[in-house]
Amino acid sequence: MTITCHTPEDLPSVAKQVLSAFPASRVFALYGKMGAGKTTLVRELCRELGVTDEVQSPTFSIINEYKTGAGESIFHFDFYRINKLEEVFDIGYEEYIYSGSFCFIEWPELIVGLLPDDSVRLEISGENERVISF
């Protein structure tokens, strides 16, 4: 399935469609080039899930935790700066991924062998408009 996002105003609808397509899924792996809109999509997915915190790329922290209005945790990973898999284990990756909380992972190709079998693969591509494939 693919969804085309023509403008930033389309993002709330895109986030709803993605989440409703995978109601039981909690781990989402976002693939795309630098500047493709991965963090922007995560921001909108988090809003749809009730996060009121500011959602930012965890490029330097590797992981950000956001809280929903109901106090549930959502984890946002950015593995762009990971050099070795040991770094992923050092942050306790498994505890987050298997917690039952929503986890959004940018640059998952760097840890592809560690992703759960039931994780959702989201491909973001396009120049002037974004195409989200899953």
Side-chain angles (χ1 to χ4, degrees):
M1 180 174 178
T2 61
I3 302 169
T4 301
C5 183
H6 301 282
T7 68
E9 290 76 27
D10 293 342
L11 279 170
S13 173
V14 169
K16 285 178 187 173
Q17 289 177 64
V18 168
L19 292 171
S20 67
F22 303 99
S25 297
R26 292 297 176 264
V27 179
F28 293 79
L30 289 88
Y31 293 81
K33 296 187 290 187
M34 183 80 69
K38 296 179 293 294
T39 300
T40 303
L41 180 57
V42 170
R43 184 176 298 123
E44 202 55 51
L45 290 165
C46 286
R47 281 190 190 133
E48 183 63 27
L49 292 168
V51 170
T52 57
D53 299 332
E54 185 176 345
V55 175
Q56 298 179 346
S57 175
T59 299
F60 294 101
S61 61
I62 300 176
I63 181 170
N64 287 345
E65 179 179 2
Y66 312 114
K67 295 284 187 177
T68 67
E72 297 170 335
S73 293
I74 295 177
F75 301 105
H76 180 192
F77 298 86
D78 184 330
F79 290 128
Y80 183 75
R81 296 175 45 120
I82 292 295
N83 295 312
K84 299 180 283 187
L85 282 180
E86 289 81 24
E87 295 175 66
V88 176
F89 292 111
D90 288 346
I91 64 167
Y93 167 81
E94 293 165 316
E95 293 176 36
Y96 298 107
I97 294 300
Y98 296 104
S99 68
S101 297
F102 280 94
C103 295
F104 300 108
I105 305 169
E106 296 186 42
W107 301 103
E109 48 273 85
L110 301 174
I111 57 139
V112 73
L114 302 178
L115 291 173
D117 292 338
D118 62 348
S119 59
V120 176
R121 180 184 179 103
L122 300 176
E123 293 267 353
I124 303 171
S125 60
E127 292 299 320
N128 297 325
E129 53 188 23
R130 298 296 189 248
V131 176
I132 296 94
S133 305
F134 44 93

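This chain uses plain numbering: 1 for the first residue, then up along the sequence.
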Could you give me the CA-CA distance, side-chain angles and deciding distance for Ser73 and Lys67, then say whether side-chain contact (heavy atoms from CB on, under 4.5 Å) is met? CA-CA 5 Å; Ser73 293; Lys67 295 284 187 177; 3.0 Å; yes

Worked verdict on Arg47 versus Glu44 for salt bridge (charged side-chain N to carboxylate O under 4.0 Å, His left out): CA-CA 5 Å; Arg47 281 190 190 133; Glu44 202 55 51; 3.1 Å; yes

Is there a side-chain contact (heavy atoms from CB on, under 4.5 Å) between Val18 and Phe28 once you walk through the steps? CA-CA 10 Å; Val18 168; Phe28 293 79; 4.1 Å; yes

Decide yes or no on side-chain contact (heavy atoms from CB on, under 4.5 Å) for Tyr93 and Ile62, but give the supporting numbers first. CA-CA 10 Å; Tyr93 167 81; Ile62 300 176; over 6 Å; no

List the steps, then state whether side-chain contact (heavy atoms from CB on, under 4.5 Å) holds for Ile105 with Leu115. CA-CA 10 Å; Ile105 305 169; Leu115 291 173; 3.7 Å; yes

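Using a 4.5 Å cut-off on side-chain heavy atoms (C-beta onward), Phe79 and Ile91 make contact. Within the 4.5 Å cutoff, the side chain of Phe77 has heavy atoms near those of the Ile97 side chain. Residues Leu114 and Phe89 are in side-chain contact: their nearest non-hydrogen atoms beyond the backbone lie under 4.5 Å apart. The closest side-chain heavy-atom distance from Phe102 to Thr68 is not below 4.5 Å. Ser101 is not listed as a side-chain neighbour of Tyr96, based on a closest heavy-atom distance of 4.5 Å or more.
A pairwise comparison of heavy atoms in Glu87 and Asn83 identifies OE2-N, 2.9 Å as the closest pair. In terms of heavy atoms, Pro8 sits closest to Pro12 at O-CD, 4.0 Å. Among all heavy-atom pairs drawn from Ile124 and Ala36, the shortest one is CG2-O, 3.3 Å. Here the shortest heavy-atom pairing between Ser57 and Thr59 reads OG-OG1, 2.6 Å.
For the residue pair Gln17 and Ser13, a side-chain donor N or O sits within less than 3.5 Å of a side-chain acceptor on the partner. Using modelled atom types, one finds a donor on one side chain and an acceptor on the other under 3.5 Å when comparing His76 with Glu106.
Side chain of Arg43 to backbone of Thr39: no donor-acceptor contact under 3.5 angstrom is found. Judged by distance alone, with hydrogens and angles left aside, the side-chain atoms of Ser25 form no donor-acceptor pair with the main-chain N or O of Val27 at under 3.5 Å. Not a single donor-acceptor pair under 3.5 Å links the side chain of Arg81 to the backbone N or O of Phe60. With hydrogens and angles disregarded, a donor-acceptor distance shorter than 3.5 Å links the side chain of Lys38 to the backbone of Gly32. The backbone N or O of Thr4 sits nowhere less than 3.5 Å from a side-chain atom of Asp10 that would complete a donor-acceptor pair.
Residue Tyr98 is not grouped with residue Phe22 when hydrophobic side chains (ILVMFWY) are merged at heavy-atom distances under 4.5 angstrom, including chains of intermediate members. In the hydrophobic cluster analysis, where Ile, Leu, Val, Met, Phe, Trp and Tyr join through side-chain heavy atoms closer than 4.5 angstrom, Val131 is grouped apart from Leu19. Using a 4.5 Å cut-off between side-chain heavy atoms of Ile, Leu, Val, Met, Phe, Trp and Tyr, with links allowed through other members, Leu49 and Ile63 fall into different hydrophobic clusters. Placement of Met34 and Leu110 within a single hydrophobic cluster is found when ILVMFWY residues are connected by side-chain heavy-atom separations under 4.5 Å, directly or transitively.
Between the CG atom in Asp53 and the CD atom in Glu65 there is a gap of 9.5 Å [rounded to 0.5 Å]. One distance of note links CD of Glu109 with OH of Tyr31; it measures 6.0 Å at 0.5 Å rounding.
A side-chain contact (heavy atoms from CB on, under 4.5 Å) with Phe104 is found for one member of Leu122, Leu30, Leu41 and no other, namely Leu30.
The aromatic rings of Tyr80 and Trp107 sit tilted, their planes meeting at an angle between 30° and 60°.
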